[in-house]
Amino acid sequence: MLTTKQMRLRRSKATRLKIMNSGKYRLLVHRSNKHIYAQVFDPVASKVIASASTLEPAVKAKYPNGSSIEAAKFVGELVAKKSLEHNISDVAFDRSGFKYHGRVKALADSARSAGIKF
């Protein structure tokens, strides 16, 4: 019997392999109970181009509770703004095996509305 974490990691493997083979920039989302993190990775150099999380001072000042949907929306806008500064507008969305609802969906929708295409 698999644990919840093992099931999530299993779901993420196939998606991550498809994204790596596509050669697109990758918008990675990680969610914990208290915070949400978003990073844009370069497909060639495997380094972080832009990142945002609920631990940043700008987000913490506005949303002290990092586990809210509103905070996730703000993080999505921030990471989109930072990636557009580096001329990255087309990315592949890597949800790391998390189900597409709640905070993950809010982050994705706000990143799309801020100008990122995926």
Side-chain angles (χ1 to χ4, degrees):
M1 191 105 179
L2 297 174
T3 64
T4 306
K5 184 175 181 179
Q6 288 171 334
M7 288 187 292
R8 179 184 69 80
L9 293 174
R10 187 176 177 186
R11 280 192 302 266
S12 70
K13 282 183 184 177
T15 306
R16 196 157 291 153
L17 185 64
K18 287 179 188 176
I19 292 171
M20 296 252 185
N21 289 335
S22 73
K24 287 185 174 182
Y25 286 91
R26 180 168 54 123
L27 174 60
L28 175 77
V29 174
H30 181 74
R31 171 181 66 81
S32 69
N33 287 339
K34 291 186 176 183
H35 299 286
I36 192 159
Y37 311 87
Q39 298 173 328
V40 176
F41 277 94
D42 184 359
V44 178
S46 295
K47 67 176 190 174
V48 177
I49 304 294
S51 67
S53 73
T54 53
L55 292 173
E56 292 183 9
V59 181
K60 263 195 166 196
K62 195 168 184 180
Y63 300 102
N65 181 8
S67 63
S68 67
I69 289 178
E70 291 80 21
K73 288 179 184 178
F74 192 71
V75 168
E77 292 171 7
L78 264 179
V79 75
K81 191 183 303 180
K82 288 179 181 180
S83 66
L84 289 173
E85 288 174 0
H86 288 91
N87 296 325
I88 300 168
S89 61
D90 191 27
V91 298
F93 187 65
D94 184 1
R95 57 189 172 87
S96 301
F98 294 108
K99 294 182 179 178
Y100 188 78
H101 70 93
R103 291 186 286 154
V104 175
K105 183 179 179 184
L107 189 143
D109 291 341
S110 67
R112 273 194 202 104
S113 67
I116 290 188
K117 298 175 194 163
F118 52 88

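Please read all numbers here as calculations on a predicted model, not as lab measurements.
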In Å, rounded to the nearest 0.5 Å, how long is the span from [atom1] of [X] to [atom2] of [Y]?
X	Y	atom1	atom2	result
L107	L27	CG	CG	6.5 Å
K73	S113	NZ	OG	9.0 Å
N33	S67	CG	OG	8.0 Å

Same hydrophobic cluster for [X] and [Y], using side-chain heavy-atom links shorter than 4.5 Å among ILVMFWY?
X	Y	answer
V48	L28	yes
F93	I19	no
I88	M20	no
V59	V29	yes

Closest non-hydrogen atom pair, [X] against [Y]:
X	Y	value
S89	L84	CB-CD2, 3.9 Å
E77	S110	N-OG, 3.7 Å
S12	S96	CB-C, 3.5 Å
I116	S83	CD1-OG, 3.1 Å
V75	S53	CG2-C, 3.8 Å

Next on the checklist: Suppose we screen for side chain to side chain contact (heavy atoms under 4.5 Å, CB included). Which residues come up paired with D90, at least two apart in sequence or across chains?
Outcome noted: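 Expected list: K24, K117.
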Item to check | Partner set under side chain to side chain contact (heavy atoms under 4.5 Å, CB included) for L2, not counting sequence neighbours | outcome: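 Listed in chain order: Q6, M7, R10.
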Checklist entry - What residue pairs, at least two apart or across chains, pass salt bridge (Lys or Arg N to Asp or Glu O under 4.0 Å) with a residue in residues 59-71? => result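 Applying salt bridge (Lys or Arg N to Asp or Glu O under 4.0 Å) to every pair that reaches into residues 59-71, excluding sequence neighbours, yields nothing.
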Item to check | salt bridge (Lys or Arg N to Asp or Glu O under 4.0 Å) partners of residues 98-112, not counting sequence neighbours, each pair once | outcome: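 Counting only pairs at least two positions apart or across chains, the salt bridge (Lys or Arg N to Asp or Glu O under 4.0 Å) contacts touching residues 98-112 are D109-R112.
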Checklist entry - With sequence neighbours left out, what residues match T15 under side chain to side chain donor-acceptor pair (under 3.5 Å)? => result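 Here no residue qualifies.
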Checklist entry - Looking at residues at least two apart in the chain, or sitting in another chain, which of them share a side chain to side chain donor-acceptor pair (under 3.5 Å) with S22? => result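 Counting only residues at least two positions away or on another chain, S22 forms no side chain to side chain donor-acceptor pair (under 3.5 Å).
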Next on the checklist: Run the salt bridge (charged side-chain N to carboxylate O under 4.0 Å, His left out) test against R26 and tell me which residues pass, sequence neighbours left out.
Outcome noted: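 Counting only residues at least two positions away or on another chain, R26 forms a salt bridge (charged side-chain N to carboxylate O under 4.0 Å, His left out) with D94.
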Next on the checklist: Using the salt bridge (charged side-chain N to carboxylate O under 4.0 Å, His left out) criterion, which residues pair with K82? Sequence neighbours excluded.
Outcome noted: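 Residues passing salt bridge (charged side-chain N to carboxylate O under 4.0 Å, His left out) with K82: E56.
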Checklist entry - Which other residues end up in the same hydrophobic cluster as L9, if Ile, Leu, Val, Met, Phe, Trp and Tyr are linked when side-chain heavy atoms come under 4.5 Å apart? => result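 Members alongside L9: none; it stands by itself.
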Item to check | ring pair (Phe, Tyr, Trp, His ring centres under 6.0 Å) contacts in which one or both residues fall within residues 69-91, not counting sequence neighbours | outcome: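 Only Y63-F74 qualify under ring pair (Phe, Tyr, Trp, His ring centres under 6.0 Å).
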Next on the checklist: Test: ring pair (Phe, Tyr, Trp, His ring centres under 6.0 Å). Region: residues 96-115. Which pairs qualify, not counting sequence neighbours?
Outcome noted: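 Residue pairs with at least one partner in residues 96-115: H30-F98.
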Check residues 34-45 and write down every donor-acceptor pair under 3.5 Å in which the side-chain atom is one partner and the other belongs to a residue at least two apart or another chain.
unit_1, atom_1, unit_2, atom_2, d
H35, ND1, T54, OG1, 2.8
D42, OD1, V44, N, 3.3

